[in-house]
Amino acid sequence: GKRTADLDSLSGSSIGLGKPEGQLARSTSKPRKKSDTLHTQFHDIKKYLERGGFYFRKDLYCCPEGNPAENPQAKENENYFTTEEAFRTHLCVYGLDDNDCWNDDEKDMINEWVRMDIVRSIDQYFNLPDHDQMDDSEAVRLLMRLGFHVAKLQSGDFWCYPLVDPKKAEIDTNMFIEQMDLLTNLSRHGLPRNHDTTSLPEKEILSLEVYLTQVISRQKTFERQETFSQADCPRSTRSKRIRSPPQSYTSSETSPTKKASSATERSGNSADSASELATPEIISFHKVQDLLEKSGFSFKNRKFCRPNGDPSEHDSSEKGIDFFDTEKEFRHHLCRYGLDDDPCWTREERLLIYSWVRQAILHNVDKPGKLPEYQELSSKEGLNLLRKLGFRLEKLSTGHLWFGPGVDGSEGEMGENKFLDEKDMRCHLARHGLPENCDFNRITDSERLSVELWLADMFHMEDTL
């Protein structure tokens, strides 16, 4: 098909479409249903990867020379992974080294398996649901309906993530010079998982995600990348904020209104870098009060106020958004939506504020001081404890879904007590904490604290501030 996207006609911007990295052979005529499409599954390409030096055993997915039993320097979520999902997401973001042992057909299968990681409705046991083949202009229109927008600044026009203030945005993270830079970023990281996509029918979201899988060429998949960055993702997020990935294999949900802070988020595995939580101590409010006041927060008349949120000074201030009656309400709001960073804080002060915010989900947070005994959990151990608490993974006709305790397969609200994947669930729990209807009698106090700290570590410091 002929490529027809015209950004000027869509957004009024002077930014050009640019050329894609890959060959985008999409038809601009009547969309074609893809209900019979089979997508490559892990067992289809496992032997090819093993031939290329990858190593797989139960609950262990290793990049070449990344087997921790043989390489003490191997790091979890860099060189080896405990879930297929984490392993696949890593390859989708960073790519993998090419290998002469693979022929073209095998590379095609590996490439498809890697790139399809960003499709949130994908299920390794089912065909893809019905979706339409989409051209560039249709994809851009959908992105704009999801809130992606062009910001006109003195230095030029830039593509921005939904709800991102261009004056505070970061180039190649949540703001992009070219449209193709944005599309390439989304092709690696997927659509922001913490952003509300319910404004579009599921079929349109699926069609858009399948479109994004084709933005990056096979050649780029087999070129190991050195650095990427990502804004709101949590895919996921999976929208994972990408830090400094290995140079070789061996080396936010937004606030209820525009006034509330928009946190930069990630929904990746917390183990992609060392934990920053200031354990083993529970941070008290008094340790961060002066630091927050220095940044414009105010605490007087029994009110906990965000900057410019004091109701005695600002008539437009809203309770539950700009000011709060209790420290607990204030802290939980920051845990869910984040707060703006301030250059006046040192790194040590940032770490202190970050830890205080993230620890809001701990059940014994009202007792500052040294933490009781707890264990640092792997992803597998954390999920096992969540299952004991009543969380479960169910196979439905449309795919797999995670359900919270007591939620029926036909009930529940997506993003609240049922989730498309493990990372969405963990991301939600990291913001809101474990629900009260969990069966806490099935785990010990130490196990509860361990799983809460495991969840709290989902977000890094820059994802919170």
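Predicted, not measured: the structure shown is a model, and the values here were computed from it. Note that these values count all heavy atoms, side chains included, but never hydrogens, waters or copies made by symmetry. We're numbering straight along the sequence, starting at 1.
- To the nearest 0.5 Å, atom NE2 of residue H432 and atom CD1 of residue I361 are 10.5 Å apart.
- R448 forms a cation-pi arrangement with F440, by the criterion of a distance under 6.0 Å to the ring centre and an angle within 45° of the ring axis.
- The backbone N or O of Q214 sits nowhere less than 3.5 Å from a side-chain atom of R115 that would complete a donor-acceptor pair.
- In this structure, the side chains of W113 and C92 stay at 4.5 Å or more apart for every pair of heavy atoms.
- Electrostatic pairing of R141 and E138 does not count as a salt bridge here, judged by no charged N lying under 4.0 Å from a carboxylate O.
- Between D310 and F323, every side-chain heavy-atom pair lies at or beyond the 4.5 Å cut-off.
- Legend: residues meeting ring pair (Phe, Tyr, Trp, His ring centres under 6.0 Å) with F419, ordered by chain and number and at least two apart, are H428.
- Here E327 pairs with F285, F304, R331, W356 under the side-chain contact (heavy atoms from CB on, under 4.5 Å) rule; sequence neighbours left out.
- The side-chain heavy atoms of Y80 and Y61, taken from C-beta on, include no pair separated by under 4.5 Å.
- N77 places none of its side-chain heavy atoms less than 4.5 Å from the side chain of H90.
- Within the model, atoms NE2 of H314 and CG of N308 stand 4.5 Å from one another, a figure rounded to the nearest 0.5 Å.
- Checked by atom type, the side-chain pair D322/S317 shows no donor-acceptor distance below 3.5 Å.
- Checked against side-chain contact (heavy atoms from CB on, under 4.5 Å), E436 has no partners two or more places apart in sequence or in another chain.
- Counting only N and O atoms by type, the side chains of Y211 and D135 include no donor and acceptor under 3.5 Å apart.
- A salt bridge does not link K418 with E394: none of the charged nitrogens is closer than 4.0 Å to a carboxylate oxygen.
- Inter-residue side-chain proximity for L206 and D132 is flagged as unmet; no heavy-atom pair is nearer than 4.5 Å.
- E76 is listed as a side-chain neighbour of T82, based on a closest heavy-atom distance under 4.5 Å.
- In this structure, the side-chain contact (heavy atoms from CB on, under 4.5 Å) partners of N437, at least two apart in sequence or on a different chain, are P405, P435.
- Every residue two or more places apart in sequence or in another chain that forms a ring pair (Phe, Tyr, Trp, His ring centres under 6.0 Å) with F324 is listed here: F330, H333.
- Ring centroid separation for the pair F81 and F87 comes in under the 6.0 Å cut-off.
- Judged purely by distance below 3.5 Å, without hydrogens or angles, the side chains of Y161 and N185 pair a donor atom with an acceptor atom.
- For D165, the side-chain contact (heavy atoms from CB on, under 4.5 Å) criterion is met by K167, K168, not counting sequence neighbours.
- Between H363 and E452 there is a side-chain heavy-atom pair separated by less than 4.5 Å.
- M134 and S207 make their closest contact through CE-CB, 3.5 Å (heavy atoms, listed as atom of the first residue, atom of the second, distance).
- A cation-pi contact, defined as under 6.0 Å to the ring centre and within 45° of the axis, is absent between R426 and W402.
- A heavy-atom distance below 4.5 Å is not found between the side chains of L183 and F176.
- Environment of CG in D439: crowded, with over 12 heavy atoms of neighbouring residues, nucleotides or ligands closer than 6.0 Å.
- For E381, the CD atom is densely surrounded, since the number of other residues' heavy atoms within 6.0 Å is greater than 12.
- Ion pairing between a basic and an acidic side chain is recognised when a charged N comes within 4.0 Å of a carboxylate O; E313 and K300 show such pairing.
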